[in-house]
Peer 1: 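Structure provided below as structure tokens; questions to follow.
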Amino acid sequence: MSRPSGAGRSGEQRYDDGMRVRREVLGDAHVDRAVAGTTAETADFQDLITRYAWGDIWSRPGLARRDRSIAVLTALIALGHHEEFAMHVRAAQRNGLSRDEIVEVVLQSAIYCGVPAANTAFRIVKDVFAEK
């Protein structure tokens, strides 16, 4: 069995890798807002998502970032996490998905996540696309 991706790296290395990937995927402006909004209550959470979500999971070599974006968009549609969905539509574009591909992800999700969930996702996609 091979060593897990994060094994052998210090917490600081995982944090640094995570912050780099987080900025590449979400953009500096978003990450800067999140960091600036960190409070005593959310500091541990910000550290957790930077080290674990971004430093361990998003940094793994097993999937390309665009593929990870497709998986994340689908999961967010299914779970109704609309604020996160809008952020990850922007990230998906940064990760190389075209508008047409994002629309296809939402259309595909209608079958497996439900028509109402896809309907809401299409509204959010329209709003995000209008930002540019």
Peer 1: Hey, what do you get for CG (L76) to CE (M87), rounding to the nearest 0.5 Å?
Peer 2: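 Here the interatomic distance stands at 7.5 Å.
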Peer 1: Could you tell me which residues satisfy salt bridge (Lys or Arg N to Asp or Glu O under 4.0 Å) with D16, sequence neighbours excluded, listed by chain and number?
Peer 2: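 Once residues adjacent in sequence are excluded, D16 has no partner under the salt bridge (Lys or Arg N to Asp or Glu O under 4.0 Å) criterion.
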Peer 1: Can you give me every donor-acceptor pair (side chain of residues 108-118, partner residue at least two apart or in another chain, under 3.5 Å) with its distance?
Peer 2:
{"unit_1": "S109", "atom_1": "OG", "unit_2": "V106", "atom_2": "O", "d": "2.6"}

Peer 1: Name all pairs fulfilling the salt bridge (Lys or Arg N to Asp or Glu O under 4.0 Å) condition that reach into residues 77-96, sequence neighbours left out, sorted by first residue then second.
Peer 2: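 Every salt bridge (Lys or Arg N to Asp or Glu O under 4.0 Å) pair that includes a residue of residues 77-96, provided the two are not neighbours, is R90-E131.
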Peer 1: In the hydrophobic clustering (ILVMFWY, side-chain contacts below 4.5 Å, transitive), which residues join L63, or is it alone?
Peer 2: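 None, because no other hydrophobic side chain comes under 4.5 Å of this residue.
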Peer 1: Tell me who clusters with I49, hydrophobic residues only, linked when side chains sit under 4.5 Å apart either directly or through other members.
Peer 2: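 I49 shares its hydrophobic cluster with F45, L48, Y52, I57.
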Peer 1: By side-chain hydrogen bond (donor to acceptor under 3.5 Å, both in side chains), which residues pair with E12, not counting sequence neighbours?
Peer 2: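 Expected list: none.
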Peer 1: List the atom of V125, the atom of I102, and the distance in Å for their closest heavy-atom pair.
Peer 2: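 For V125 and I102, the tightest heavy-atom pair comes out as CG2-CG2, 4.0 Å.
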Peer 1: Could you list all the side chain to side chain donor-acceptor pair (under 3.5 Å) pairs where at least one residue sits in residues 20-37, not counting sequence neighbours?
Peer 2: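 Every side chain to side chain donor-acceptor pair (under 3.5 Å) pair that includes a residue of residues 20-37, provided the two are not neighbours, is R22-Q46, R22-T50, R23-D28, R23-D32, E24-R65.
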Peer 1: Are F122 and L79 connected in the hydrophobic side-chain network, where two residues link if heavy atoms are under 4.5 Å apart?
Peer 2: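 F122 and L79: separate clusters.
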Peer 1: Going by ring-ring contact (aromatic ring centres under 6.0 Å, His included), name the pairs with one or both residues in residues 58-98, residues two or more places apart or in two chains.
Peer 2: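 For residues 58-98, and leaving out neighbouring residues, the ring-ring contact (aromatic ring centres under 6.0 Å, His included) pairs sorted by first residue read W54-W58.
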Peer 1: Taking salt bridge (Lys or Arg N to Asp or Glu O under 4.0 Å) as the cut-off, I'd like each qualifying pair that reaches into residues 109-123, sequence neighbours left out, listed once.
Peer 2: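 Found R123-D127.
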Peer 1: Indicate the atoms forming the closest heavy-atom contact of V31 with L26, along with that distance.
Peer 2: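 Heavy-atom minimum between the residues: CG2-CB, 4.2 Å.
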Peer 1: Sorted by first residue and then second, give each side chain to side chain donor-acceptor pair (under 3.5 Å) pair with at least one member in residues 66-77; sequence neighbours left out.
Peer 2: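 Output for this query lists R66-E101, S69-N95.
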Peer 1: Which residues pass the side-chain hydrogen bond (donor to acceptor under 3.5 Å, both in side chains) test with T120, not counting sequence neighbours?
Peer 2: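 Applying side-chain hydrogen bond (donor to acceptor under 3.5 Å, both in side chains) to T120 gives none.
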Peer 1: Enumerate the salt bridge (Lys or Arg N to Asp or Glu O under 4.0 Å) contacts for residues 40-53, please, sequence neighbours excluded, ordered by first and then second residue.
Peer 2: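 Residue pairs passing salt bridge (Lys or Arg N to Asp or Glu O under 4.0 Å), neighbours aside: D47-R51.
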